[in-house]
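Only one structure is covered here, and it is reproduced in the block below.
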Amino acid sequence: MSTHAKKDQGPEEEALYEPRIVAFCCNWCSYAGADLAGTTRIQYPPNVRIVRVMCSGRVDPAFVLKAFELGADGVLVAGCHPADCHYINGNEKAAMRGDFLSSFLEDAGIESQRFRIEWIAGSEGQKFAKVVKDMVSELQRLGPIYAEEG
Amino acid sequence: MGSPEPLKKDPVTSTPPATGTETTTPRIGVFVCHCGSNIAGVVDCPRVTEVASKMPGVVVARDNKYTCSDLGQDEIVKAIVEAKVDRVVIASCSPRMHEPTFRACIQRAGLNPYVLHMVNIREQCSWVHNQEKQRATEKAIDLVRMGVSKAARLIPLEAREVPVEPKALIVGGGVAGIQAALDLGNMGFKVYLVESKPSIGGVMAQLDKTFPTGDCAICILAPKMVELARHPNVTLLSYSEVEEVKGYIGNYEVKVRRKSRYVHEDKCVGCGVCAEVCPVKVDNEFDMGFGKRKAIYVPFPQAVPLKYTIDKENCLHFKTGKCLLCVKECTNKAIDHKMEDEVLDLKVGTIIVATGFQTYVPMKKGVYKYWEYENVITALELERLLNASGPTGGHLIRPSDQKTPRRVAFIQCVGSRNKKIDRNYCSRVCCMYAIKNAQIIKEHEPGTEIAVYYNDIRAFGKGFEELYHRVREEFGVEFIRGRPAKLSENRETKSIMIRAEETLMSKITEREFDLIVLSVGLLPSEGSKRIGKTLGLSLSSDGFFAEAHPKLRPVDTATDGVFLAGCAQSPKDIPDSVAQAKAAASSAAAIMFSGKVKIEPLTVEVDESLCVGCGLCVEQCPYGAPELIQNEEGRTRARIIEALCHGCGTCAASCPQNAITAKQFTDEQICSELTAALSQNGQAKTAGKKAEEGV
């Protein structure tokens with residue numbers, strides 16, 4: 001309890017950077033997985049903001065770029081496992097776009113670790129929480145995406 | 001708050017939706033739910049409400065203890081009317097839970113059901129950050145800001161109404177499939193029941209007696225099987241597989257492959273003369289390999305349909321081109337070695353998946369030595385050995401010497417409740433079938449010494465605990481708490497020593513038995529994977545099909561019009577399978593009785609003025625919804641066949657012209673959520689230099 005109390009009160013001890021993460025979750029698997037993390041009360045850091053889409057295939061690479069442009073420290077695209085897509089193969093298209101994005105981001109000077117594509121099933125609440133935790137600690141290591149101005 | 005004063009806040013910064021229908025500034029109502037203490041125990045709901053009331057476009061913001069209750073909904077309706085709200089944000093539980101509830105609610109207030117946006121501050125906020133109240137509140141505020149921003153851009157949509165084909169497809173002919181087919185047939189609906197094996201009946205047909213009442217399984221099942229086969233509304237497609245399912249609720253198009261039996265069903269009368277003369281003997285799968293059958297066979301005497309099937313793998317004619325003894329004997333000329341598979345096209349409105357289970361096969365190198373020691377058998381093998389119509393006529397023998405075992409041990413939780421093999425769940429039936437089988441053995445041979453090695457006895461159902469006590473006290477079956485650590489065989493007698501820690505006695509014991517029965521757990525059936533993929537069904541962590549909601553929608557799936565029955569959903573006993581089958585049948589019937597169904601209008605549309613006819617969308621769509629057409633000016637343009645569109649939005653993501661709009665998930669709506677998510681204190685953070693260079 002004491003550590004939790006600290007977290008709420010004393011920023012002086014918690015010098016760690018709190019990254020901002022945007023997660024695009026498909027309605028059928030990953031969003032359901034995130035819901036399951038909730039129903040089973042699996043705790044993870046509150047750094048993530050979920051944008052629900054029907055399919056990971058809906059995620060236009062422009063959305064990911066837009067999120068980085070707006071200052072997201074990390075972006076997660078989460079969909080159904082391969083061959084488990086509610087829309088037959090939308091996740092495969094998401095994966096292809098993900099590959100393209102990863103290489104593009106590197107060229108643009110954005111560390112590849114800031115962008116992740118993950119397959120999270122509706123039954124994988126634990127995995128959703130773990131992915132978020134991992135991303136948060138990775139992004140804490142990397143620091144903010146843009147250096148503070150001035 | 002809440003007074004219908006004119007809009008005084010800043011209007012939303014970006015342009016309103018491009019449809020032209022909603023040009024006035026949106027008037028947004030925000031309703032924040034406490035969900036008792038589920039949300040309010042972590043998130044400061046009054047504060048979220050207060051901040052929300054100042055967000056752009058918000059004309060009313062309220063918090064409520066239980067938004068989904070009658071009172072809560074009435075308050076929403078009232079506020080919508082009073083404040084002339086035309087966009088609604090409800091910050092509560094997951095939209096996967098209550099979106100339909102609130103859509104109906106705002107519809108009562110005269111709004112289009114699709115101008116609702118639900119913000120998930122329970123499953124994705126309060127429940128997952130319960131030790132960080134302040135940050136959870138900040139997150140909830142951000143989520144509401146995202147919701148408000150998206151809601152401002154929501155466009156009213158009209159649900160399409162489509163007719164429902166009053167026919168049902170049932171996949172799987174075990175007790176669940178049979179019951180569902182009978183119920184729907186009795187209600188007057190046309191039913192197709194597809195079973196992959198030559199006969200319906202499923203695993204229940206293999207069982208000896210059933211717990212806790214001791215009814216003979218086939219005696220209570222066979223009449224249902226016969227009734228089904230004779231039912232005027234039911235078409236039984238045995239020895240068939242569902243190959244493909246297309247379409248949507250009310251209008252599924254199904255391809256069923258009728259595998260060739262090499263025996264014409266219409267001519268075969270089931271006399272069995274062919275099997276008498278067939279010279280090939282192979283292990284009978286139905287008897288778990290203990291009995292034999294011929295290469296032309298019915299799996300068991302009560303099979304339905306009672307039609308013979310040639311097992312191509314073993315038939316001498318298929319191997320050598322000769323024999324044909326069966327053909328000579330068959331007076332009805334039913335046998336045809338040249339018969340080919342047939343593919344049927346069916347159209348159905350609803351589908352019930354009742355693909356059942358298979359039992360766990362113990363590991364090759366596991367401690368229980370199933371593959372090494374002859375006298376270690378599985379529970380399903382024991383069922384056949386105890387069954388009066390089984391290979392031994394119901395006389396229990398042990399495999400090594402065909403003698404009656406005097407000492408029998410049951411080992412529980414084999415393939416269940418075992419993290420090492422990733423089978424964490426309880427299979428629910430093993431405790432009771434072991435207890436029931438112990439009783440049957442005692443009834444056959446009262447002198448048999450029986451021990452059950454268990455972890456916990458789960459006798460939870462009606463009459464279960466009573467049976468457990470009776471078997472323990474009246475029949476003197478010994479129950480030993482402990483998972484055996486080692487089995488070793490006496491090479492001469494073939495009897496087996498069990499070494500185990502008896503945890504209630506805190507001692508390690510070694511005891512010898514003549515026969516070991518492994519109480520194997522239940523796994524999803526092999527065939528279920530393919531049908532699951534075809535229908536886009538998701539799985540639970542245990543590998544069984546996931547229901548739409550674990551408590552309130554236990555037989556529904558995430559695919560509308562598709563229902564689950566029996567062990568396809570999770571391990572369950574016969575009464576539960578039958579109950580679920582009846583539930584699935586009535587759910588399917590509810591749709592078919594109404595005759596029409598509303599389809600979510602979350603499809604896509606093409607803006608022809610932006611489209612250049614590149615055809616990328618046509619390539620991306622797995623359903624063939626976009627097509628290229630020549631418009632009036634003779635230019636190639638894409639157009640969406642709405643009935644085929646499932647609304648995934650993949651085409652919209654791939655369109656290089658941004659000519660495709662995914663309704664309710666438009667580019668503008670999604671980007672507005674991003675902007676709101678990444679603004680701090682409502683102010684978008686200006687991107688640094690790095691972004692301008694890179695993006």
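Sequence lines set the chain letters: A, B, ... in the order given, protein chains first and strands last, and positions in each chain run from 1.
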Proximity breakdown for Lys139(B) and chain A, heavy-atom pairs closer than 4.5 Å: both
Arg135(B) bridged to Glu18(A) by N-O distance under 4.0 Å: yes
Heavy-atom contact with chain B under 4.5 Å, split by part of Ala121(A): neither
Check ion pair Arg58(A)-Asp667(B) (N to O, under 4.0 angstrom): yes
4.5 Å side-chain heavy-atom contact, Pro622(B) and Lys93(A): yes
Asp60(A)/Asn658(B) under side chain to side chain contact (heavy atoms under 4.5 Å, CB included): CA gap, chis, key distance, verdict: CA-CA 10 Å; Asp60(A) 191 323; Asn658(B) 288 333; 4.1 Å; yes
Test item: Arg97(A) and Thr650(B) side chains (from C-beta on) under 4.5 Å apart, heavy atoms: yes
Part of Leu602(B) within contact of chain A (heavy atom distance under 4.5 Å): side chain
NZ/NE/NH1/NH2 to OD/OE distance under 4.0 Å, Arg52(A) and Glu99(B): yes
Heavy-atom proximity to chain B below 4.5 Å, by part of Val59(A): backbone
Gln140(A) atom CD: more than 12 heavy-atom contacts under 6.0 Å: yes
Under 4.5 Å from a heavy atom of chain A, the part of Thr534(B) involved: neither
Non-hydrogen atoms of Asp35(A) and Asn120(B) that approach each other most closely: OD1-ND2, 2.9 Å
Considering all heavy atoms, the nearest Asn130(B)-Gln43(A) contact: N-OE1, 2.8 Å
